[in-house]
Structure formats: structure tokens, C-alpha cells
Amino acid sequence: MSAEKRRPEIRNIAIIAHVDHGKTTLVDALLRQSGEFKPTEEITERLMDTNELERERGITIFSKIASVEYKGVRINIVDTPGHADFGSEVERILKMVDGVLLLVDAFEGPMPQTKFVLKKSLELHLKPVVIINKVDRPNARPHEVLDQTFDLFCDLNASDEQLDFAVVYASGREGKAWIDLKDESQDLKPLFETLIHRVLPPIANPEKPLQMLITMLDYDDYLGVLGMGRIYHGKMKIASPVTLIKSDGTQIKGKITGLFTYRGMQRIPVQEVSAGDIVCIAGLEKLNVGETVADSENPEALPLIKIDEPTISMTFAHNSSPLAGKDGGKFLTSRHVRERLIQEARTNIGIHVEETQEGEALKVSGRGELQLAILIETMRREGYELEVSRPEVILKEMGKEILEPVENLVIEIEEQYQGVVLQALGPRKATMTHMEKTSSGNLRMEFTIPSRGLLGFRGECMTLTRGTIIMYHVFLEYQPYKGGIERRQTGVLISQGFGKTVAFALNNLQERGMLFVGPGADLYEGMIVGENNKGNDLVVNAIKEKKLTNMRASGSDEAIRLTPHREWTLELALEYIEDDERVEVTPKSIRLRKRVLNEIERKSASRSHKALEDRNS
């Protein structure tokens, strides 16, 4: 068998890191030192975080491509999301590269989200390079972290060749790298050299018929649908005829009208590309992720990308509350919401959209709560108004056994909170697998826990630990159903009518539990205004004003003092609600409401539901 041809002037590398381990800062330094920018050019910090949500949250949500050049070698760096909820992005990206750059914090060591992407890359037999980053930070322990990283590779069944990984120590903020910490260094040259010598050039035969796998989609107002991916074999030119092979085997003839490669973070138009290049193409309107762009005369499909199945689903519908359209929303109808979700499912293969029995509502499934929350937040910022249900896990049947998704949970807490956290995890069917004391004196505990058990857990633990908990979780596998899990123990206070909240009324209600609205807020019938500590739902009048009289009584004119009401984030709201409740999401507000707003209709629906459950049991 003849040796495969390779392109020595190209390296294709994916970069893997946990949240806040310095991945984006290091890529900034690589771009600066490679000379991709002119001396007078202004460079934005965290250049790879191009999305507004990514900058706010400090996480990678969408994969991006950057390209740097060193000694005549073009290094294409593909950013990968670290969270398992974006696994569909990860699996596509790893198909484009020949090596992975694993970035680990010199103090924190390898973390759960790192484990997810690394496991995927090792299964694909990619060549790893390990960077111990932030070696200049206080309490850095690079050698201990290296030992932990080696243990992680062993746990993930890395091959002997993969265990012989290259190690580079770095400070992304300082723009320096070392092979040995005792060496002197002024720049990232040791890292560039390691990437060139330890990552294999791509296998590429330009003489074979064209094959390109589409791994990402984008849209341009002038060029239309854009497809990004790697050319595995052959060549591609502007205006050349090609065949698009769909996932069902259907073939569509087309022509390439736009062809781009990458320089820095910019797309650069080119006339011709060859096998091994990571490119962006225009001209094929019916493109989809995972499909093959092939030779027009000898079309042959590449293997389809295997994507992990969704584990969480939610119901999406247009905003049907009386306040719809009053919060700056531009897209208010069910048609708008439907079209946007179908568009999302087309470009994001980790999202599934299905019809429901509720007519205008759609069931949206994804890899986790975070992925769906990011989709809702993105739609909200685009001007959509919608209402969404509580997330539900997707169960599987295997023979006579019901399986449910189970996750690895890692939490880091101060030792004083150990008891209350373990007490909260017990009813949620969590099983502890490991516990250790960190060098900072905190406790780090690992658990396996059903995905159902995590719903609402973050908000509860934030309260129990006074906001000091650090928590990560990642999908593990489907396991036999663990049994019932207790739901929220408190009831809610439900608005009786329409109007604006009054401080006098709220002052009387705050004795019953935490309020969710302040004075002067808009209310409607069926909207949730607070929590009822007694455990049952209660309809209340939050717009009741104080009656004026001619008589004055001692203490009647004292100033009203309201405790601060709870401000909702989208994730906390989704975790809080029950099955008969909804989160109303608009560009300006997040509100909680009952699914059925009218009290009489709500009681009737509740009786019908209970009767149905009794019959089924």
C-alpha cells in the first residue's frame, strides 16, 4: 500500500480548553506574533469571541476558524466549544483537523468539559499537544497539573502514541512559552515549533476526485448560504461545477460562486484551493451540515457525521400574554417563531424541532439546558417574544427497561457547606464517586446524577452556599431510570388581575415568601409575582392600594420597607418553573406565568389532568 500524500505547508489543529483557562487570550497572542496584523491595526481583545453572548459569558458557543503563518507553514486553528451541550459543534469540528491543542490551567488542572472534548478527539486518533497555561499566576502548580493531565489521558484509554504527548508551558497574557520552565523565553516561538513538528500535515491527494465535508454553515446578505469545511481530496476552483450529495443520497448539481480561505480571523477570496485546505464556499443554496460537496463527474460521499442524541426538550411558542408586543419585540407571531426555529435546526444539527399536539407550539430538543437557554437568549436579542416550558429529560426504552440520561457533576465548595450540599443532592439521586481537598483548602466532589436531578439544583445551591459554589456537569451516558425525584417544595403567588404593582400590597405579600416583582411593575391575570412558602399556589391582589381615611392611627403612616425582589436570569427561571408554568421571554423582560392564565379555567384543567392521571394509574 503506497504512503498517503500530505501537504507539509499546512497544519489543521483544534484547540480545547475549559471555561476561563485562557484559550482566547492565547490565540490573540498567536495572531499578534504571527504578523497577521499590521503594526497600526487596532486589535480587539478576545478576538475569537466574536459573538456578544460569548463575550458576556466568557464561553465558546460557536466554532470559529483563525489562521496564522509561521516559517511558511499555514496553521489553521479551529476553536471548539468546551461544554458538552454544544457537542454537535465539537464532533463536526474534530473531523476537520489532524491534531488537538489541549489547554489546561496551571492551577485548576483538567476539568470536566475538557474531558468531554478530549475523549472525542482521542477516539478519532488525533495527535494531542498539551499546553499548561497561566504558569505566571500565583499558586501555579504546573508539574502537579501535568501529572493530573497524564492520569486523565490514561482514564480516557489513550493509546501509547497519544500518551507520548508534547508539553508546552505558556502564559497567554504575557505571550510567552517554554518547553522547560528553567529556560528563558521572550515569545511563543517554542509553541509554534512544537505545533509544526508534533502535529502531522493533512493527508491530501489533489489528483483524486473532489470531496469536501460541510461542517459549519453561515449566511451572507450578498453571497447567500456559506458552507465551511475541509477539502479531503481533489481541487476546487471558482465557477467550477460540483455535485452536492445530500444526507439521504440525493445529488444536486451546482456551481461554486465564492471561494475563501482564512488569514487571521478574516475570510480571503481565492481562485483555487486544494486538498488539505479549510475553506468557505458560496453558490450552493441547499447546503446542510454533514453533506459532501463532490466532483461533478465522479461524485462520491464522505461518511456522515455521527452526532450524540439530544437529552433535553422544551416547548417553544409565541408570547400569548396580555403584555405581548409592549416590550420592544419585533417578531410576535407563531409563524415568526416557527421560521426561526426551523432555520436554527438547519444550521445547528444538535437542535431538533418537532410538532406538538398544542398546535402552534413546537417541541425543541437539544444536548442540554445551556444549549437551549443560549438559543432562547439569542432569539430574545434578535427581537423575538416567546414563552417556553420547563426543560424535560428525554427517556429511552430498551426492551422492557426505561433509561434516562446521567451526568458527571463536579462541585467545588468551602468545607463549611459540605453538609447542606450533600443533603440537597441526596433526594436528587446523586452518587458520590470522588472527593478531595484542593490546594486552596476547598472541597472538590464528583458525583453521577440523573439529568433530572440537576434541574433547579444550581439556583438552590447558590442560595445554600451564599453564591460561592463552583459547579460543572457533563453528560455521561444513559442508565436505568433512578425513580422519582422531589420537585419544588414551595408554591407560587399568582396575580389576580391587571394593573401595576403597589408597594402597599407588596408589603403585605412579602411575609408569605420571596417576591419576584417590585413596585410599579406591569401585571396580568395568571402572572407569578412571588413564592408562597406554605407549598400551595395562592391567587393574590398585588395592585391593591391603601384606603384613604380622615382618621389617623398610631403607626399607620410608617414608611413601607420592601425586601429586594428576586431578579431572574433565563437559566434560573427555567430551573424554577413547574410543568403547569411558563417563562415569558421578551427583549426587555423575563416573567413567570401559569400556562392557563384564567383562575377558573386553570382549576378545571387541573381537575381534568388529575382525573386522567388517576385513570392511567
inquiry  = Would you say that Glu477 contacts Thr448 through its side chain, given a criterion of any heavy-atom pair below 4.5 Å between the two side chains?
reply    = no

ask   = Is Arg582 close to Ile577 at the side-chain level, that is, under 4.5 Å between some pair of heavy atoms?
value = no

ask   = Between Thr569, Ile590, Ile376, which is the residue that forms a side-chain contact (heavy atoms from CB on, under 4.5 Å) with Leu574?
value = Ile376

query = Can you find a heavy atom in the side chain of Phe447 that is under 4.5 Å from one in the side chain of Arg428?
reply = no

message = Salt bridge check, Lys437 against Glu415: does any charged N sit closer than 4.0 Å to a carboxylate O?
response = yes

note = Tightest non-hydrogen contact, residues Val502 and Ile543, listed as CG2-O, 3.6 Å

inquiry  = So Asn319 and Val585, do their side chains get closer than 4.5 Å, heavy atoms only?
reply    = no

task = Would you confirm whether the ring centroid of Phe516 sits within less than 6.0 angstrom of the ring centroid of Tyr576?
result = yes

key: Shortest non-hydrogen separation from Ala542 to Leu506 and the atoms involved   = CB-CD2, 4.3 Å

query = Side chains of Val406 and Lys482: does their closest heavy-atom pair fall under 4.5 Å?
reply = yes

query = After noting the C-alpha distance and the side-chain angles of Glu377 and Arg380, does the key distance pass the salt bridge (Lys or Arg N to Asp or Glu O under 4.0 Å) rule?
reply = CA-CA 5 Å; Glu377 185 66 35; Arg380 174 192 183 195; 3.4 Å; yes

Within-4.5 Å side-chain heavy-atom neighbours: Met445 and Leu425 = no

ask   = Is there a side-chain contact between Lys326 and Thr586 (heavy atoms, below 4.5 Å)?
value = no

message = According to side-chain contact (heavy atoms from CB on, under 4.5 Å), who are the partners of Ser365, at least two apart in sequence or on a separate chain?
response = Pro310, Ser313, His352, Glu354, Lys363, Ile394

remark   = salt bridge (charged side-chain N to carboxylate O under 4.0 Å, His left out) pairs touching residues 527-545, sequence neighbours excluded, are Asp537-Lys594

ask   = Are any non-hydrogen side-chain atoms of Tyr384 and Arg340 less than 4.5 angstrom apart?
value = yes

inquiry  = By the salt bridge (charged side-chain N to carboxylate O under 4.0 Å, His left out) test, which pairs, at least two apart or in different chains, include something from residues 328-338?
reply    = Arg335-Glu339, Arg338-Glu355

